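Right, one structure below, let's go through it.
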Amino acid sequence: MTALATGTRLAGLKARFAPLFARIAQGAAERDRTGELPYQAVADLAVAGFGAVRVPESHGGSGATLPELFELFVDLAAADSNIAQALRAHFAFVEDRLVAEPGPGRDKWLARFAAGELVGNSWTEVGAVKVGR
C-alpha cells in the first residue's frame, strides 16, 4: 500500500480483488497482442462488485473512499491498463451520482451499481453541448 490510502477496509478490498486482478493480468498481454476485447474480465469485475466499490455500504456497495478506489484502480491498471481505462467513465458516473441530491433517482442508480451494472463511456457524449452548459 502507498501513502495514498491505508487501513483495514483497503486491505480487505485489496485481498478481495487481488485474485481477480491476477486472473485478468494472465490474459492481458495476449488480449493486447490480438486486439481481443476484455468482455469476460469486465463481466467478472462487475459480478465481483468492483463497480460498486464507492457505493455506500448502506446502498449495497463497499463504501470505499476515493483514495481507496484509486489504490484499487492502480492495482487493476497494473493487471490490465486497458480495463482500467475502460472503467474510468463508470467511476466518473458513480461519483456524479454520489454527489447528486439524495432521493429516488440517486437511490435507483446506486442500487443498479450494487447489482453489478456498469456505465459505458457514452454518457458524457451529448453532442455539441459546450462544457458548462
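What you see is a predicted model, and the numbers here were worked out from it, not measured in a lab. Both backbone and side-chain heavy atoms feed into the values below; hydrogens, waters and symmetry mates do not.
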**OP:** Treat each ILVMFWY residue as a node, draw an edge where side-chain heavy atoms are under 4.5 Å apart, and state whether Phe50 and Leu66 are in one component.
**Re:** yes
**OP:** Please check if the side chain of Arg31 supplies one atom and the backbone of Ile24 the other of a donor-acceptor pair under 3.5 Å.
**Re:** yes
**OP:** Decide whether a cation-pi geometry holds between Arg97 and Phe93; the criteria are a distance under 6.0 Å from NZ or CZ to the six-membered ring centre and an angle within 45° of the ring axis.
**Re:** yes
Subject >> Distance-minimising heavy-atom pair for Ala52 and Ala114 >> reply: CB-CA, 3.9 Å
Subject >> Ala77 backbone acceptor or donor facing Ser81 side chain under 3.5 Å >> reply: no
Subject >> Donor-acceptor under 3.5 Å (His90 side chain, Leu118 main chain) >> reply: no
**OP:** Apply the test side-chain contact (heavy atoms from CB on, under 4.5 Å) to residues Leu98 and Leu110: give CA-CA distance (whole Å), side-chain angles for both, the deciding distance (0.1 Å), then the verdict.
**Re:** CA-CA 8 Å; Leu98 289 173; Leu110 296 180; 3.8 Å; yes
Subject >> Where Ala79 and Ala28 come nearest, the two heavy atoms and their spacing >> reply: O-CB, 3.3 Å
Subject >> Audit row: Phe113, Arg54, side-chain contact (heavy atoms from CB on, under 4.5 Å) steps and yes/no >> reply: CA-CA 9 Å; Phe113 302 144; Arg54 282 280 293 141; over 6 Å; no
Original post:
How many angstroms lie between atom CD of Gln85 and atom CG of Asp80, to the nearest 0.5 angstrom?
Top reply: 11.0 Å
Subject >> Lys/Arg N to Asp/Glu carboxylate O, Arg9 vs Glu68, below 4.0 Å >> reply: yes
Original post:
Passes side-chain contact (heavy atoms from CB on, under 4.5 Å), Leu72 versus Leu76? Steps please.
Top reply: CA-CA 6 Å; Leu72 293 170; Leu76 175 58; over 6 Å; no
Original post:
Would you call Asp75 and Lys14 a salt bridge, taking side-chain N to carboxylate O under 4.0 Å as the test?
Top reply: yes
Original post:
Between Phe70 and Phe91, does the ring centre distance come in under 6.0 Å?
Top reply: no
Original post:
Taking NZ, NE, NH1 and NH2 as the nitrogens, is one of them in Arg112 or Glu117 under 4.0 Å from a carboxylate oxygen of the other?
Top reply: yes
**OP:** Take Trp109 and Asp96 through the test side-chain contact (heavy atoms from CB on, under 4.5 Å) and record every step on the way to the result.
**Re:** CA-CA 10 Å; Trp109 277 107; Asp96 185 66; over 6 Å; no
**OP:** Evaluate salt bridge (Lys or Arg N to Asp or Glu O under 4.0 Å) for Asp44 paired with Arg23, printing each intermediate quantity in order.
**Re:** CA-CA 10 Å; Asp44 291 345; Arg23 283 195 310 273; 5.2 Å; no
**OP:** Side-chain contact test, heavy atoms from C-beta onward, threshold under 4.5 Å: evaluate it for Leu87 versus Phe73 and give yes or no.
**Re:** yes
Original post:
Distance only, no hydrogens: is a donor on one side chain within 3.5 Å (strictly under) of an acceptor on the other, for Ser62 and Arg16?
Top reply: yes
Original post:
How long is the span from the CG atom in Asn82 to the CD atom in Glu36, to the nearest 0.5 Å?
Top reply: 11.5 Å
